[in-house]
Structures are given as C-alpha cells and as structure tokens.
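See structure below.
Within every chain, numbering begins at 1; the chains are lettered A, B, ... in the order of the sequence lines, protein sequences first and strands thereafter. Just so it is clear, the values below take in all heavy atoms, side chains as well, and ignore hydrogens, waters and symmetry mates.
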Amino acid sequence: MSWFQARSDVKSWGGVLRAAHHVAGPQWRDEVGSVLDEARERKLTVLASGARRSYGDSGLNPGGALVDITGLDRILAFDPETGIVRAEGGVTFDTMIGRFLPRGFFLPVTPGTRFVTLAGVIANDVHGKNHHGNGTLGRWVRAIGLITSDGTLHELSPQREPELFNATIGGLGLTGVIVWAELQLMPVSSASMDAETVSFSNLDGFFDLAAESENGFDYTVAWVDCLADGDALGRGTFSRANHAQAGALDEDAGRNGRRFGVPLDFPGFVLNQHTVRAFNRVCYSNGRRKAGLAQVPLSPFFYPLDAIENWNRMYGVRGMYQYQSVIPVAAQREATRAMLEVISQSGQGSFLAVLKTFGTLKSPGMLSFPQEGTTLALDFPNRGGETLKLLARLDSIVAEAGGRLYPAKDGRMSAAMFRAGYPDWERFAVHVDPHFSSHFWRRVAG
Amino acid sequence: MRLVILGATSAIAEATARRFAAKRAHILLVGRKGERLEAMAGDLRSRGAGRVETMVCDLVEERDVRGLLDEFASLIGGIDQLLIAYGVMGRQREAELDPAAAERIFQVNFNSVAAWSLAGAEVFERQGHGTLLILGSVAGDRGRRGNYVYGAAKAGIAALAEGINHRFADKGPRVVLVKPGPTATPMTRGMNRGGPLWSTPDQIAGVVVGSAAGGGAVAYAPWFWRYLMLVIRNLPSRIFNRLDI
C-alpha cells in the first residue's frame with residue numbers, strides 16, 4: 001500500500017503559494033525508511049515537513065513528496081535532574097511546555113509560536129527574544145537522530161559527524177528527516193514573567209533602550225509603528241523581561257485560555273492602509289498607557305498571537321509576505337532607518353513590525369540566520385507586484401549593509417541575495433541529501 | 001488503576017493509553033515491536049502515568065493465554081482493566097479467493113481475541129472486579145460485500161462479548177465492546193478518508209475511556225453510529241442489496 005496521499009492544497013503559513021504534494025504521515029520512526037524508499041522508487045524529491053509554520057516556500061516541495069513527521073510525537077526520555085529531554089521530531093513546543101514547565105523547566109530558546117515541532121525549530125535554528133543571552137536553539141541541541149534517503153539512521157552530535165550535525169541545524173529539512181533530538185532545557189522557578197514596557201519616541205531611543213537592557217534582562221524586543229515618519233520615525237514600544245523568581249509553576253494562565261479562531265480567509269479590503277494605521281496608533285498609545293512593570297503569565301508574553309488560531313487567515317486568500325532581515329552592527333542604525341523610511345513612504349504599512357538586537361553568541365548551524373546586529377521583522381499583505389517592488393527596495397538596503405534574510409520567512413529572495421548573505425552555502429550544499437529538495441532550495445541554489 | 005493493553009501500538013490503543021496516563025494509571029503495553037513499545041512507554045511516563053512496563057509478545061501465536069495474563073497482571077501489581085485492541089483489516093477479495101487469507105483474518109480478529117477475552121473474563125470473575133474492554137467494529141453489525149470476512153470475525157466477537165456480559169450479569173466485573181466507525185488509523189491508510197463519518201483515534205479513545213468508567217456493554221464510537229447502524233441493520237435486503245456501501 002502506498003505511503004503517499006495526493007493533496008492539492010498544501011500551503012505554508014504565509015499562504016502565498018499553495019501547491020500539490022504527495023504527503024506521507026508515518027506514525028513510527030521505523031516507518032520513515034520505507035517512506036523514503038517509496039519516494040525514491042517513484043522518483044519524487046522529498047522534504048521533511050512539520051507544523052508548517054514557515055512563512056514562505058522553504059517548507060514546500062511542489063510536485064514532490066512531503067514526509068509529515070507530526071505523527072512522531074512522543075517524548076522518549078526526560079531527566080528531571082539535568083533537564084535533558086529526548087523526544088521525537090514531531091513533538092511540539094506546546095507539548096513540551098505542558099509537560100515540563102510544571103516540573104520547573106522551560107525552553108532555552110523559543111520562537112513567537114508554541115505550535116512548532118522540535119524538528120522544525122532545529123531545521124530553522126530558531127531564535128527568540130533572548131538571543132543576546134542564549135543564542136539560537138541550535139546551541140542547546142545535544143544530539144539529533146537523522147534518517148537519510150539511503151535509510152541510514154545517523155546519530156549526530158557535536159562529536160559524531162559534526163559537519164552533518166552543523167548542516168542539519170538550520171538546514172531547512174534538506175539533510176534528511178529529523179526523527180528525534182535531545183535538547184537541554186532551562187530551569188525556571190515560576191510560570192510568570194516580570195515584564196516591563198517602555199515606549200520610545202524614535203529609532204535612537206530604541207538603540208539606547210536595547211543597549212541599556214541587555215545586561216539586566218533575559219528577554220528584549222520592540223514593536224515599531226512603521227507608519228510613523230519624520231522625527232517620530234521608528235517610534236514604538238520596548239518590552240523587556242525576566243523569568244519571575246517567585247510564583248507557581250503550574251499557573252500558566254494563558255496556555256489553557258480560550259483560543260479564538262479565524263474561521264475563513266478575510267476579504268482583502270479588511271487590511272488596508274487605514275486599518276493598519278489605526279491598529280499601529282492604538283498599539284503605540286496602548287504601549288504608552290500601559291508602560292511600567294507587571295507580572296504576566298508566560299504564554300501571553302511569549303506567544304501573543306497563539307491566542308488567535310489561524311491568525312494568518314486575516315490576510316485573505318492572497319496571503320502575506322514576511323520579511324525578516326538582520327543588519328550587522330556597523331551599519332545597523334543607518335540601514336534600519338533607511339528601511340523604515342522606505343516602508344513609511346510606501347504607505348504599505350506592516351501590520352506588525354518587530355525590532356530586536358542579536359548578541360554575539362554563534363550558532364553551530366551553517367545556514368543559521370542570526371548574527372550580531374539588528375533584526376527587523378515585517379509582514380505585508382500580498383498585493384502582488386506592488387509588494388514585491390517594496391521588498392526589492394528593502395533587499396538593496398539589506399544587501400548593501402552586508403545583511404541577510406531569514407529563509408524560514410522568505411518566499412521570494414533572489415539567488416544572489418541568498419548567496420551573498422550565506423557565504424557558507426556551498427559548504428552546506430554538500431550535505432543536502434541527494435533525494436531531498438524544496439521550492440526554496442531550487443530557487444536559491446538550483 | 002492498572003491497565004493491560006494487548007496490541008498497544010495500534011493507533012486507538014495509543015490514544016487510549018495517553019488518556020489513562022493523564023489519570024496516573026499503571027500501564028502494561030503488550031505488542032510485537034519492542035522499540036515502538038519503549039517509545040510509547042517513555043511518552044506515557046512523561047504524561048504522568050504511574051508504572052509503565054512493556055512486554056514483547058506475539059499475541060496471536062500464544063497458546064497459554066491464561067498463564068500469560070496472570071504474568072502480565074503481576075508486572076504492574078494487578079489488573080483492573082484489560083483492553084484488547086489489536087486486529088487486521090485484511091483484503092476482502094484476497095480472503096474470498098484464498099482460504100489461508102480468510103483464515104488469517106479469523107485467526108487474528110476472532111480466535112485470538114476470543115481466547116484473550118475468555119482469559120480476561122476468567123481473571124476478572126475470579127477477583128470479583130475488573131473491566132474487559134474489547135475493540136469491535138460497526139462492520140460486525142451487518143455483512144457488506146466490501147469487508148464481510150472482517151465483519152464476520154467482529155460479529156463473532158460481538159456475540160462473545162454479549163455472552164460474557166450475560167455471564168457477568170449478577171457479578172462485579174464488566175465487559176464493554178467498543179464499536180468504532182471508520183477511523184483514520186494506519187489500518188485504513190490508502191482509503192479515501194475524508195468526510196463527517198471518519199473519526200480520529202483520539203475520538204475513539206474518548207469513548208473507550210468513558211465506557212471504562214461506566215455505562216452499557218456496547219459503546220458505539222462516536223455515539224451516532226448506534227443510530228446509523230440501527231437503520232442499516234433494519235434495512236430490508238431488497239433495499240440494502242441495491243446500495244453501494
């Protein structure tokens with residue numbers, strides 16, 4: 001019996017590209033080998049697929065096979081003394097928080113959603129608001145079980161096959177199927193955060209706050225009103241936080257709260273210049289009003305958008321583009337200012353604009369995105385050529401500043417842009433499994 | 001609560017085990033594939049289960065089921081629930097052409113399940129309490145051309161469960177035959193599994209756990225299959241035979 005089911009409507013989180021795939025959903029690790037065998041016999045290229053939270057096309061393989069590992073969802077072992085967990089690749093961060101936060105451990109690094117798989121966060125070497133302290137997730141991975149298309153199970157670690165280990169961290173699912181991994185968790189003493197919100201009136205204000213906060217706060221991030229211009233260019237709200245020292249471990253109020261769903265794709269007119277401007281204005285004044293110290297539950301702090309299921313559908317059937325860049329320290333002020341100016345002038349406001357400084361900690365991942373400097377994350381409703389033109393203008397600023405874009409969020413950067421941003425890409429390419437591919441990879445490396 | 005699961009790596013069994021683990025049950029997992037049982041055991045422990053043990057065993061090949069069941073129970077300090085969850089779908093056409101293929105379907109789904117059910121009934125009657133949970137199927141309610149060999153085996157189990165229920169009538173133990181409708185498990189891979197009549201393993205597990213706590217001797221899963229099958233069972237043959245179901 002075939003492992004694969006033909007599906008015509010597979011899309012990624014941004015929703016711009018939807019395409020037909022052959023999808024297999026093994027439930028056990030020992031089945032992955034035969035899934036890969038069948039794909040090879042049918043001459044299908046393969047890509048490992050998890051919760052599909054990547055925005056662009058790095059998680060898609062149109063016409064080819066997807067090995068959906070969400071059925072591999074078992075925690076294999078946990079040591080409450082050391083906080084080391086070994087789990088199958090399809091285990092989500094949501095699951096891990098539910099199991100281990102009550103026992104005093106949290107994720108050492110987490111992206112802005114908890115609905116991601118362990119394999120997915122490794123394959124994208126995700127970062128969080130604590131990059132300046134903890135670096136990327138890849139630094140906390142102790143070992144990886146990777147099945148390649150020849151059926152071999154590789155047990156990778158910094159000591160065993162270190163090159164393939166480093167290629168797999170941030171390797172976009174191209175080196176094989178991550179069937180298990182071992183992760184070092186971080187001890188915490190409560191499920192609450194001591195958070196402080198401070199507003200800043202322009203871009204310099206952001207950089208001052210970032211520099212001032214990096215020593216005293218584990219987590220820092222800023223939201224920017226990207227429609228403000230002139231003297232107010234780059235104004236926004238800065239959030240900084242630490243895990244609270246006191247408080248219960250099992251009172252993560254946000255996690256089990258009610259989730260609102262977006263039941264259908266919103267029509268295109270809902271998000272327009274005026275609604276985005278109004279939203280940003282309200283956010284900014286809210287931030288000013290609520291400024292100050294507060295103790296907040298962990299989930300709404302880390303995962304505000306998780307409260308709305310399928311929030312991506314607000315962008316309608318045409319979907320949205322995410323754009324996340326990082327600019328090295330030397331050029332960070334000028335380039336960030338230039339990007340905000342271009343966006344402000346375009347009037348195509350980004351609904352959410354997030355600004356953060358990355359620290360010096362290096363990831364083992366060959367294709368890892370973060371580097372020391374400043375990262376700006378934006379999202380734009382897909383308006384076709386108009387949007388692509390704006391993004392191309394941002395590209396030229398990023399390229400000139402020696403920066404690069406985040407593949408997990410990208411669906412359109414040029415091959416030249418990718419290769420300039422990731423000079424190690426050819427060293428990585430050697431480790432791409434000969435039967436694996438993705439739309440993204442064909443676009444930038446093909 | 002001490003639960004023994006025969007055929008523990010089936011999708012419905014695993015989903016059921018997860019729900020029992022959250023209730024801090026002690027669980028013994030019995031199946032053929034040791035690595036899978038170990039993976040499941042680790043996961044159930046992290047979900048809060050009490051003792052979790054595994055036992056590699058080909059349940060269909062075993063002869064001394066009474067002795068083995070006592071041994072299973074002793075591994076987790078006794079037995080309050082026995083879930084019999086294994087089965088094979090087989091291929092209907094193959095079973096029509098090849099007696100050995102038909103025999104295999106009967107062997108696994110009837111002979112073997114019946115032997116373990118009888119052993120469980122004996123253990124529970126002896127100790128005066130316990131719940132025997134058997135996974136049947138709506139396919140046992142009326143023979144259909146698409147899978148009547150499998151259905152016949154499941155119908156046999158239904159009669160057996162009915163008899164055990166009669167036997168337990170004035171005693172402490174209970175028996176529940178859970179009859180799932182079509183469910184998206186590896187057993188049905190390759191079928192066209194869309195539509196409102198298909199269930200997830202976890203939905204079925206909810207019914208299993210609920211019926212372990214109390215209720216009647218037959219539990220359809222989900223509940224609406226009781227009424228759908230009531231209609232289908234009572235259709236006159238001249239109408240039923242014209243349907244392509």
Side-chain angles (χ1 to χ4, degrees), chain A residues 1-9 22-35 38 68-80 83-92 94-103 105 118 145 147 153 179-183 185 250 256, chain B residues 7-19 21-22 24 27 29 31-49 52 54 56 85-86 88-94 101 147 183-195 198 200-202 204-205:
Chain A
M1 202 183 311
S2 170
W3 277 107
F4 292 98
Q5 202 174 7
R7 296 250 299 268
S8 61
D9 58 344
H22 302 273
V23 183
Q27 300 295 307
W28 300 95
R29 281 169 284 149
D30 60 61
E31 294 172 335
V32 173
S34 76
V35 172
E38 188 190 332
D68 177 342
I69 49 102
T70 52
L72 309 179
D73 64 348
R74 301 169 190 91
I75 304 277
L76 300 171
F78 173 66
D79 181 347
I84 293 170
V85 58
R86 181 183 282 232
E88 290 184 331
V91 168
T92 64
D94 185 50
T95 295
M96 290 220 202
I97 295 168
R99 306 263 181 104
F100 303 126
L101 185 58
R103 302 164 84 165
F105 287 94
L118 177 59
I147 298 182
L153 171 65
V179 291
W180 61 262
E182 203 172 276
L183 188 66
L185 300 179
D250 51 0
N256 299 315
Chain B
T9 60
S10 91
I12 293 171
E14 186 172 24
T16 305
R18 289 176 173 192
R19 285 170 175 256
R24 317 236 169 263
I27 305 173
L29 309 171
R32 278 177 305 167
K33 298 187 173 162
E35 270 184 33
R36 294 187 182 186
L37 295 173
E38 282 308 319
M40 234 183 109
D43 187 59
L44 296 174
R45 286 184 197 110
S46 87
R47 287 170 187 268
V52 184
T54 64
V56 177
Y86 60 92
V88 290
M89 182 68 89
R91 289 174 203 217
Q92 175 62 27
R93 189 61 189 140
E94 220 172 278
N147 67 352
T183 308
T185 67
M187 198 194 245
T188 56
R189 184 155 53 82
M191 295 184 184
N192 184 16
R193 304 196 287 197
W198 282 83
T200 64
D202 189 53
I204 308 304

Heavy-atom proximity to chain A below 4.5 Å, by part of Arg47(B)
both
So, for Gln27(A) and Pro186(B), which heavy atoms are closest and what is the spacing to 0.1 Å?
CG-CG, 4.0 Å
So, the part of Arg103(A) with a heavy atom under 4.5 Å from chain B: the answer is side chain
Between Glu38(B) and chain A, with a heavy-atom cut-off of 4.5 Å, which part of the residue counts as in contact: side chain, backbone, both or neither?
neither
Within 6.0 Å of CZ in Arg91(B), more than 12 heavy atoms from elsewhere
no
For Arg29(A) and Ala39(B), which heavy atoms make the closest approach, and how far apart are they?
NH2-CB, 3.3 Å
Please classify the contact between Trp3(A) and chain B as side chain, backbone, both or neither, with a heavy-atom cut-off of under 4.5 Å.
both
Test item: Asp43(B) side-chain N/O and Leu76(A) main-chain N/O as donor-acceptor pair under 3.5 Å
no
Verify the neighbour count for atom CZ of Arg45(B): are there more than 12 heavy atoms of other residues, nucleotides or ligands below 6.0 Å?
yes
The test is side chain to side chain contact (heavy atoms under 4.5 Å, CB included); show your working for Glu31(A) and Arg36(B) and say whether it passes.
CA-CA 11 Å; Glu31(A) 294 172 335; Arg36(B) 294 187 182 186; 3.5 Å; yes
